[in-house]
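To start, the structure under review is shown below, and the notes come after it.
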There are 2 protein chains.
Amino acid sequence: MGVTIHDVARAAGVSVASASRALSGRRKVTPEVAERVARAAAELGYQVNAVAKALRDQTTGTIGMVVPGIGNPFFTTIVEAVERELQNSGTDLLLCSSRYDPQVEARRVGTLLARRVDGLIISPCDIEASVPAVLDAARRVPLVQLDRHIEGGAADWVGVDDEAGVTLAVEHVIACGARSVVFAGSRPVSSSARLRLSGFERAAARAGVEVLPPLLGEFTLEWGGEAGRRLLDAGQLPDAVVCGNDEIAVGLVRSLRLGGARVPDDVSVVGFDDVGHATMCDPPLSTVRQPVEEMAAEAVRLLGQVKAADPRPAQRIAITPKLVVRQTSRLPASRSESGRDSG
Amino acid sequence: MGVTIHDVARAAGVSVASASRALSGRRKVTPEVAERVARAAAELGYQVNAVAKALRDQTTGTIGMVVPGIGNPFFTTIVEAVERELQNSGTDLLLCSSRYDPQVEARRVGTLLARRVDGLIISPCDIEASVPAVLDAARRVPLVQLDRHIEGGAADWVGVDDEAGVTLAVEHVIACGARSVVFAGSRPVSSSARLRLSGFERAAARAGVEVLPPLLGEFTLEWGGEAGRRLLDAGQLPDAVVCGNDEIAVGLVRSLRLGGARVPDDVSVVGFDDVGHATMCDPPLSTVRQPVEEMAAEAVRLLGQVKAADPRPAQRIAITPKLVVRQTSRLPASRSESGRDSG
DNA sequence: ACTGCTCGGGTAATCGATTACCCGAGTTTC
DNA sequence: GAAACTCGGGTAATCGATTACCCGAGCAGT
């Protein structure tokens, strides 16, 4: 460790200024100097010290990202997309997980700020408890929220229109003939959870179908399984269940089938996200697709525009998701063919 | 952005030395100075600049981690375990994905080194192509390989005993009555892939059962599905298939069942890893469990001991995994009850 | 009273890379 | 032929935090 530009300069018999210029190419040097410096650097195995460079330049070439959990395939997909997007511009990513805990989240944001990231992309784990950390960070550094967001709309955001998404799902199952529906999602601690629930309720009310009390837990396979079991225990299955995400939907389909219910013949299920295993599950899951690549691209584009403590009003970019119909829901034709009797 | 310790010192009416001492507590100051500095820091919202601190201290309080892909649940689990392990010591993690590409990997290692991480934990994506990057990095910084490793044993490593693991799996399916077996894994570009394959071959040969030619692709659900289809197409199913990891196993079980084969009645399947969805799959997967927490703890412990360009011989810590029998394989009793006829 | 402490505080060097500024030599321009 | 300019190179300031080193005051011991 520790070959510096001084060592290179000495070995090449030039000043540090010349060495720096030869290496960076930001000012002309004679070919001879360039050559000697290049050789010396190669021989010594010189590599710039990014820490020193960052201090001098007041920029680290790094952006921080904080997501609730990297165990969730939705977040890993979006992280990968952001990373891919960023690599074009040569900046790299410091990735942190808040583990769905606002306190951990605040700490992580703090260390990222201390490390002087050039920007921050965050998916705040809690719509309320995350507010101070997000607002405080936004004051110090360009920040954009991705997917989840805090309440109040004070910070820039890129994501999907959650309400429009579940509306699509609800309208779809109703078009499939469902007369009673239920929502299986997460307790409304995040914006996504809250908006998907409210969107469901609004859309279902508008359609005038029977609405069972929502099943609210976590965005996990386990909770999906549990929700399925509760539905089974209640004796009377609804015609359709709209899920807060794909994990819940997959867990739910599985426990429903284990309990003897047929999907989609007895009950339609639709998920949300369409990342990871939705296509691989059995049967392939109908779901609402989040355009992750597009969201990531939009987020880094926006991040390039926002400034710390930006006085202009925060932007909120809501991308409208698409419904992807696979095999856990049925279109009317085939559904009526199969001789349902719940109507 | 940009309130420095000079600002704090000025506001408190003391020198930067006193301010620094008051803030860090590394040398006594009078209560009055401590109080004034604390107040000034709070009022100005001062936060140390970790970049400057790192330059001065020649240490960043950061370790880098490079894994082949964060989409793979095994790696996300291990990343989470390492992160948890590290947080006790106050160091944090710079996480990078090599996307299974040795060139990307080398670049990522390079930037981590440039950022002067205090150590590196890496799961090299390619047993051969990753050699230069790993060896070069190990010369500059404490480094331990986790899970995968490069050939030659020149760098420290913590992982599971892959050969022992598949041996467990093979012996289990044979104990279940299998007379013909096949291995569905990844092409041997990584140490894990290579050792699991060779371990399988050795164990199967030792047992003297019929061994079908291995199905080698990637560590993905998709490849597992494809492998299952090929087995089906071949007309004659083996009694058991041992898989390179759980993703392959899950994909394989699914395509086998889609093709009408019953698991475990017609064919036993066992996976490897036991992370993520193994318990949630249908039926729950018999697999070889990697003790991820233990591996992570061991890796950071070892990292604390190794020095850059360490002259002492590299350590290789191989933890013996355990077999977890669930429902994709059957013990002899119940198997013979079910009236198999393949023997 | 003088030496020798301890104690708290300040000044400035330090980490490594970049670059503002300066300098001297060679070239152009009128 | 002198002023103006270009070109390549060197010296040292800079980024911000820490700390080696120095200093002066207060105090104890002889």
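Each chain gets a letter, A, B and so on, in the order its sequence line appears, and its residues count up from 1.
Closest of all the heavy-atom pairs between A:Ala314 and A:Asp156 is CB-N, 3.7 Å.
With sequence neighbours left out, the salt bridge (Lys or Arg N to Asp or Glu O under 4.0 Å) criterion links A:Asp147 to no other residue.
Using a 4.0 Å heavy-atom cutoff across all strands shown, A:Thr4 reaches sugar-phosphate atoms only and no base atom.
Distance check: B:Ile150 CD1 to B:Glu128 CD gives 11.0 Å after rounding to the nearest 0.5 Å.
Put simply, the side chain of A:Val79 reaches to within 4.5 Å of the side chain of A:Leu93, judged on heavy atoms. Contact of the A:Val29 side chain with the A:Val37 side chain is not registered, since no non-hydrogen atoms from C-beta on lie closer than 4.5 Å. Residues B:Thr4 and B:Asn49 are not in side-chain contact: their nearest non-hydrogen atoms beyond the backbone lie 4.5 Å or more apart.
Against DNA chain D, the stretch residues 25-43 of chain B makes heavy-atom approaches under 4.0 Å through B:Arg26, B:Arg27.
Inspection of the B:Ser191 and B:Glu151 side chains reveals no N or O donor paired with an N or O acceptor under 3.5 Å. In this structure, a donor-acceptor pair under 3.5 Å is absent between the side chains of B:Ser97 and A:Glu83.
Ranked by how close their nearest DNA chain D nucleotide is to the 5' end, B:Leu55 and B:Ser18 are led by B:Leu55. For the pair B:Ala52 and B:Val16, both in contact range of DNA chain C, the more 5′-proximal nearest nucleotide belongs to B:Val16.
The nucleotide range of DNA chain C contacted by chain B, defined by atoms under 4.0 angstrom from heavy atoms of the protein and reported 5' to 3', is C:dG8 to C:dG16.
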